[in-house]
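The structure appears below as structure tokens.
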Amino acid sequence: ADTALHRAKDAGGNQTAFFETAMGDVARQRFRIERELRRGIPAGELRLFLQSQVDERESIKSAEVLVRWAHPERGLVPPGVFVPVAEQSDLICELGVWVLENACRLMAEHGSAGRELRLSVNISPRHFRLPDFVPWVCELLSIHGVDPSCLTLEVTEGLMIEDIDGVVAKMQALTAFGIRLSVDDFGTGYSSLAYLKRLPLHELKIDRSFVQDAPENSDDAALVETILAVAHSLHLQVVAEGVETVRQAAFLNARGSMIHQGYLYGRPQAASEWIPLWLKQFDQVLP
Ligand code: C2E
Ligand code: MG
Ligand code: MG
Ligand code: MG
């Protein structure tokens, strides 16, 4: 079974119809998505959505950038449908370029000194591995006049499975420039503690599968506590993903201070809707 297909179905809504005709032919469907996306990216059909990342007082510290595809006939398509397809080819690099350029634009346009807009951007291994990835990102920030520390790049453990020395060198160059690095979906991959120790990281994101079951499931609770211990000993910031309930938030808060992200605090929203929400916070700050 194809995971992109299942995710499309899980997500429900109009994207199910997107796939109905293709149930019998997964390969042809992937090919169609790829061809459509090759047309759609330059046609300006991608959209940036932002999801708040909040501190223990629930004030918004930053946001994760989550791409959507506003398809002219199929409506808003979630990334679970097209990102895995894009990842099979160089298309993921084109997508990654579009997302990071537009994220930089947002930071430059809406952020300012003392009111920095901090964004986390997902980076696919194939894009990260391009030889000129590091100079390209650094130049992009410079061109837009964005403080590099406002940008966090989220990578997955899958990046660490080959050419670890090359990955470490690139990460060092990125952090030397001031960019922050985060390991996304932490706990679902294969990274060993020995590797983790070698990487110049700033942040671990606890995968939402652990967060969601932690209050009820003692194995998941133990895993969350282990991840927190690892993060603490490596002096890393922790972001808990997929916080949906007050119960989950309380479980996490009892175990230390970390950043929370999840439906409890807000769904991913179009950038044009999220920015005013974020700006509103600053009005409430008293002198
Ligand atoms: P991710 O980076 O782990 O992003 C978190 C996903 O969890 C997002 O799904 C988000 O909408 C969802 N989420 C957040 N809070 C909750 C919650 O409380 N409950 C539940 N059930 N889900 C929650 P989304 O937006 O569908 O993105 C899925 C994946 O697609 C992302 O997982 C990421 O791997 C990928 N992706 C999204 N945007 C980009 C992008 O610009 N570039 C790349 N390379 N990948 C992207
Ligand atoms: Mg992410
Ligand atoms: Mg994640
Ligand atoms: Mg995840």
Side-chain angles (χ1 to χ4, degrees), residues 3-4 6-13 15 33 37 40-41 45-54 62-70 76-106 119-130 133 137 151-159 180-189 203-215 227 238-249 251-252 259-271 274:
T3 50
H6 282 138
R7 268 179 261 160
K9 284 172 68 75
D10 288 344
Q15 56 277 9
I33 293 171
L37 195 57
I41 297 174
E45 291 174 6
L46 296 182
R47 300 286 179 270
L48 289 191
F49 272 54
L50 300 177
Q51 186 180 32
S52 298
Q53 298 180 319
V54 307
S62 50
E64 179 173 4
V65 175
L66 295 158
V67 71
R68 301 286 182 266
W69 180 10
L76 209 58
V77 184
V81 173
F82 59 93
V83 166
V85 176
E87 276 174 335
Q88 300 302 307
S89 73
D90 60 315
L91 202 50
I92 193 62
C93 303
E94 207 182 313
L95 181 143
V97 165
W98 188 91
V99 170
L100 203 59
E101 276 181 358
N102 283 278
C104 282
R105 242 177 235 141
L106 270 186
L119 297 180
S120 283
V121 176
N122 294 287
I123 302 294
S124 282
R126 191 194 282 261
H127 191 192
F128 187 95
R129 290 196 188 107
L130 287 184
F133 179 77
V137 177
L151 177 67
T152 298
L153 299 181
E154 293 188 8
V155 299
T156 53
E157 292 167 273
L159 179 65
R180 298 179 77 253
L181 293 173
S182 175
V183 179
D184 201 359
D185 305 334
F186 187 71
T188 61
E203 185 181 284
L204 293 183
K205 295 189 79 173
I206 309 179
D207 190 67
R208 72 166 187 261
S209 59
F210 306 126
V211 171
Q212 288 181 345
D213 297 333
I227 292 171
V238 175
V239 177
E241 297 188 324
V243 183
E244 290 183 355
T245 67
V246 173
R247 213 166 123 77
Q248 289 159 357
F251 173 91
L252 296 167
I259 297 291
H260 290 202
Q261 181 181 346
Y263 295 168
L264 182 61
Y265 313 99
R267 300 233 166 199
Q269 286 172 284
W274 185 87

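Count residues from 1 along the sequence. Both counts, for ligands and for their atoms, begin at 1 and track the order of listing. Side chains are part of it too, since the values below use all heavy atoms of this structure and drop only hydrogens, waters and symmetry mates.
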Check: [Y] main-chain N/O paired with [X] side-chain donor or acceptor under 3.5 Å:
| X | Y | answer |
| --- | --- | --- |
| Glu203 | Val239 | no |
| Arg126 | Cys93 | no |
| Glu64 | Gln51 | no |

Is a side-chain donor-acceptor pair under 3.5 Å present for Gln53 with Gln261?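 Yes, a side-chain donor-acceptor pair sits under 3.5 Å.
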I'd like to check [X] versus [Y] (side-chain heavy atoms, cut-off strictly below 4.5 Å). Are they in contact?
| X | Y | result |
| --- | --- | --- |
| Leu106 | Leu50 | yes |
| Phe82 | Leu91 | no |
| Ile33 | Val77 | no |

Hey, is [X] touching ligand 1 through its side chain, its backbone, both or neither, going by heavy atoms under 4.0 Å?
| X | answer |
| --- | --- |
| Pro78 | neither |
| Glu64 | side chain |
| Leu264 | neither |
| Gln51 | side chain |
| Val243 | backbone |

Hey, does [X] sit under 4.0 Å from ligand 1 if you only count heavy atoms?
| X | result |
| --- | --- |
| Gly80 | no |
| Gly96 | no |
| Gln212 | yes |
| Ser124 | yes |
| Glu87 | no |
| Arg68 | yes |
| Glu241 | yes |

Taking it one step at a time, do Val99 and Val65 satisfy side-chain contact (heavy atoms from CB on, under 4.5 Å)? CA-CA 8 Å; Val99 170; Val65 175; 3.8 Å; yes
What pairs of donor and acceptor atoms, side-chain ones from residues 264-271 against any protein atom, are under 3.5 angstrom apart with sequence neighbours left out?
residue : atom : partner : partner atom : Å
Tyr265  : OH   : His260  : ND1          : 2.7

Counting from 1, what ligand 1 atoms have a heavy atom of Glu244 closer than 4.0 Å? 17 (C), 18 (O), 19 (N), 20 (C), 21 (N)
Out of all atoms in ligand 1, which are within 4.0 Å of some heavy atom of Asp185? Include the element for each. 3 (O)
Which option wins on minimum heavy-atom distance to [atom]: [options]?
| atom | options | result |
| --- | --- | --- |
| atom 42 (N) of ligand 1 | Val99, Asn122, Leu48, Val155 | Asn122 |
| atom 28 (C) of ligand 1 | Pro84, Cys93, Pro79 | Pro79 |
| atom 22 (N) of ligand 1 | Phe49, Tyr265, Trp98, Tyr263 | Tyr263 |
| atom 40 (C) of ligand 1 | Thr245, Val67, Val211 | Val67 |

Shortest non-hydrogen contact from [X] toward [Y]:
| X | Y | answer |
| --- | --- | --- |
| Leu37 | Trp69 | N-CH2, 3.6 Å |
| Ala103 | Val121 | CB-CG2, 3.9 Å |
| Ala240 | Leu252 | CB-CD1, 3.5 Å |

Report the residues that fulfil side-chain contact (heavy atoms from CB on, under 4.5 Å) with Ser52, sequence neighbours left out, ordered by chain and then residue number. Val54, Ile60, Trp274
Step-by-step side-chain contact (heavy atoms from CB on, under 4.5 Å) determination, Phe186 to Ile206: CA-CA 5 Å; Phe186 187 71; Ile206 309 179; 5.9 Å; no
Anything protein N, O or S sitting under 2.8 Å from the Mg ion (ligand 2): count it and give me the total. 4
Under the salt bridge (charged side-chain N to carboxylate O under 4.0 Å, His left out) rule, collect the residues that match up with Glu157, sequence neighbours excluded.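 Salt bridge (charged side-chain N to carboxylate O under 4.0 Å, His left out) list for Glu157, sorted by chain: empty.
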